[in-house]
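Ligands are counted one by one from 1 in listed order, and the atoms in each one are counted from 1 as well.
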Amino acid sequence: MTISSANIVKVELGDRSYDIHVAAGLLNKADDYLTPYARGGRLLIVTDDQVAAHVLPLIIDSLKKADISCAVFTLPHGEGAKSWAQLEQLTDWLLEYHIERADHIIALGGGVVGDITGFAAHIVKRGCHFVQIPTSLLAQVDSSVGGKTAINSGAGKNLIGAFHQPALVLIDPNVLATLPPRELGAGFAEVVKYGLIDDAEFFAFCEREAAAFFAGDKDVQTQAIIHSVQAKARIVAADEKELSGTRALLNLGHTFGHALEAETGFSQRLLHGEAVAAGIALAFRYSVRVGLCGEADAQRVTALLRSVNLPVSLQDAGAVASGKTLAGHMLHDKKMSGGTLPFLLARGIGKTFLSHEVQLDDVAAFLDEEAGF
Ligand code: GLY
């Protein structure tokens with residue numbers, strides 16, 4: 001399969017369209033990309049304490065060359081930062097720096113940094129702009145594109161938020177070398193997902209190139225990221241606010257995954273991408289059970305995820321519980337509508353669709369079998 005080598009992907013959203021640049025080493029020349037956004041010769045950067053140690057110095061050095069000064073707000077690393085308390089501190093900080101509506105905040109980090117910074121950009125002074133510089137694989141291939149921004153509430157993840165598109169996304173595959181292997185794996189689940197949705201050829205690419213991807217092959221990583229963001233950009237352009245069902249396809253594996261995350265306390269015990277991997281494997285096995293999908297396809301999916309050390313079962317995910325308990329977690333899913341839960345199922349690899357026919361009792365019985373009850 002030949003994947004386009006073009007490294008600029010456009011998200012077509014009328015006057016809110018924006019470019020995603022993907023290139024290894026791009027952050028060494030961050031000033032080339034960011035100078036137009038440095039009003040008055042300064043930039044406000046939001047990051048976290050891990051990224052501040054590994055990637056931030058590269059950006060600051062590059063911006064110094066262009067005489068751009070930076071002020072930096074550093075969040076604690078991890079999902080806990082997506083809180084009202086941190087949002088308040090962040091917005092206070094932006095106001096202290098006299099942010100104006102024409103300014104662009106730089107979100108430098110993984111999904112947590114992108115989500116809270118995007119939400120702050122949406123609400124501060126009734127809306128300013130932001131640029132995404134995602135540093136985790138998951139953020140590079142999914143959360144930095146498409147404008148979903150949020151913080152968590154006591155009632156659940158991402159329940160307080162808004163659609164607010166970035167003005168630019170800069171993706172440097174070189175930063176993946178700074179990630180712990182578990183985080184790289186978690187992001188790979190979201191890469192594989194694009195193949196499973198509607199692109200069997202890309203799934204085959206993932207099977208062929210998984211070893212090279214994890215060995216740090218920059219070419220393979222860049223191709224996989226470009227292909228993923230092309231898919232995401234198409235889906236977002238077709239259904240920005242998840243109204244028609246197209247964008248919902250991106251939730252493949254997420255309903256099962258959400259139940260596993262809830263069961264493991266939304267903690268480091270099971271990263272979001274790991275929960276998605278197990279959720280995808282479960283969605284395929286459930287699709288086999290209800291006669292939609294051939295066994296061989298479900299086995300290919302499981303084999304690929306397992307080969308890169310991702311969990312593919314309740315046992316692997318450390319979330320063995322009764323079907324009733326796990327299905328109970330699904331009732332808190334944001335996608336619940338009129339008391340029913342739409343489910344992403346598959347007729348095969350590259351043939352995912354949204355079903356409104358799934359009965360939660362049947363899912364619970366399936367999960368009891370999976371748990372060995
Ligand atoms: N991460 C799913 C979406 O952006 O819709």
**Q** Out of all atoms in ligand 1, which are within 4.0 Å of some heavy atom of Asp142? Include the element for each.
**A**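 Matching atoms, with element in brackets: 1 (N), 2 (C), 4 (O).
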**Q** How about Ile123 and Leu87: do any of their side-chain heavy atoms sit closer than 4.5 Å?
**A**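 In contact.
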**Q** Under a 4.5 Å side-chain heavy-atom rule over Ile, Leu, Val, Met, Phe, Trp and Tyr, are Phe163 and Phe130 clustered together?
**A** no
**Q** Hey, does Lys232 sit under 4.0 Å from ligand 1 if you only count heavy atoms?
**A** yes
**Q** Below 4.0 angstrom from a heavy atom of Lys148, which ligand 1 atoms are there? Numbered from 1 as shown, please.
**A**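 Reading through ligand 1 atom by atom, the close ones are 2 (C), 3 (C), 4 (O), 5 (O).
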**Q** Is the backbone of Arg101 close enough, under 3.5 Å, to the side chain of Lys125 for a donor and an acceptor to pair up by distance?
**A**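 Checked: no pair found.
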**Q** Considering only non-hydrogen protein atoms, determine which one is nearest to atom 5 (O) of ligand 1 and report residue, atom name and distance to 0.1 Å.
**A** Arg247 NE, 2.7 Å
**Q** Hey, which of Val51, Ile105, Thr74, Val72 is the one that makes side-chain contact (heavy atoms from CB on, under 4.5 Å) with Val46?
**A** Ile105
